[in-house]
Undergrad: 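Please see the structure below; I have some questions.
Numbered from 1 within each chain, the chains take letters A, B, ... in sequence-line order. Worth knowing before you read on, the calculation uses all heavy atoms, side chains too, and leaves out hydrogens, waters and symmetry mates.
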Amino acid sequence: MTQSMIAEIKIFSSLFKLKSFLAQPRVFLTFSDRVFPFALTLTASLFIAGLYSGLITSPPDYLQGDTMRIMYVHVPASWMALLAYAFLALMSFFALVWRHPLAEILAISTAPVGALFTALSLITGSLWGKPTWGAFWAWDARLTSMLALLFLYGAYWALYKAYSRPDQGVRVASLLALVGAINLPIIKGSVDWWNTLHQPASLSKLSSSSIDPSMLTPLLLMAGAFFFYFVCTIILRTRFELNQRKLLVRMAKQ
Amino acid sequence: MTFSAPHLIYIIGAYGVGLFALSLFFCWTFFQWKKSVHLLKNVSRETKTPTSCLN
């Protein structure tokens, strides 16, 4: 066995130990106790800064006027809807392969938050669509694939709740989450692969610096606020789910 | 900040729905967690000194 192979094995072994260590609910509770106050403060501060910047200091768009300000709520909600599903699929993979209870609980905790972001993305998108396109809804590829994402979150939750034992429900729902992950590249590519009413992706536009810094700043501030909101709610929901499981065990012992 | 009147309703709608839904969901999650903490404490107390057998 060569030196490089031994080094690789050592790296994989330490990564596996780290993963096992982080997967312990006790470690998560200690970690979340420290992170939660910072995440909550950051969420509030970024929301205040983002709202002030988006509604007061940023200029109106030369074409869409003030309607463009809806972007500061719509785009972060859409990004977080996709990020939440990617996280849900990753945790589902860990739950299926390694049967980590914390990964199961994290996946369950993500589903309602992700569904909220998706619903917000669709509602704010409709409110932006009416003055821009003249219609609240169009069966456009981007809109339809986002609606499919909302249904996926709903189906995940329904499957999880359909079983009396949470561990069984999680396993079946995890399979659906993994299959549903195919929708993520479809959502991302929908504006490039098909002719749609929806404008091209904002991320690729950022890379070519087509958004003016005066509009980019509030967008990134609001994206940060949505991200830390996600962190806060995931921590609270995970702690709630952990308490629920502890309750079930204690009730069974009595 | 001078918003054009015909589109004001959509801007208020988007921000209103967004912030209201986020606040409502956060409060619901927070109280759900708080309730579970209390329930867990009560069950732990009950397990240590079982009172149900006295009834």
Undergrad: Where does F136(A) contact chain B at under 4.5 Å (heavy atoms): side chain, backbone, both or neither?
TA: side chain
Undergrad: Please classify the contact of L242(A) with chain B as side chain, backbone, both or neither, using a heavy-atom distance under 4.5 Å.
TA: neither
Undergrad: Tell me the closest heavy-atom pair linking Q32(B) and F240(A), and the distance in Å.
TA: O-CD1, 3.4 Å
Undergrad: With respect to chain A, which residue among T29(B), L22(B), L39(B) yields the maximal number of heavy-atom pairs within a distance under 4.5 Å?
TA: L22(B)
Undergrad: Side chain, backbone, both or neither: which part of I123(A) has a non-hydrogen atom closer than 4.5 Å to chain B?
TA: side chain
Undergrad: Please state whether the side chain, the backbone, both or neither of L236(A) comes within less than 4.5 Å of a heavy atom of chain B.
TA: both
Undergrad: Any side-chain heavy atom of F26(B) sitting closer than 4.5 Å to one from L40(A)?
TA: yes
Undergrad: Need one label for I234(A): side chain, backbone, both or neither, based on atoms under 4.5 Å from any heavy atom in chain B.
TA: neither
Undergrad: If you compare all heavy atoms of P37(A) against all heavy atoms of D33(A), which two are closest, and at what distance to 0.1 Å?
TA: CD-O, 3.3 Å
Undergrad: Is P112(A) in contact with chain B via its backbone, its side chain, both, or neither, using a 4.5 Å heavy-atom distance?
TA: both
Undergrad: What residue among Y85(A), F117(A), Y160(A) forms ring-ring contact (aromatic ring centres under 6.0 Å, His included) with Y153(A)?
TA: Y85(A)
Undergrad: Please classify the contact between L19(B) and chain A as side chain, backbone, both or neither, with a heavy-atom cut-off of under 4.5 Å.
TA: side chain
Undergrad: If you draw a 6.0 Å radius around CZ in F227(A), do more than 12 non-hydrogen atoms from other residues or ligands fall strictly inside?
TA: no
Undergrad: If you take all heavy atoms of P131(A) and L127(A), which pair is closest and at what distance?
TA: CD-O, 3.1 Å
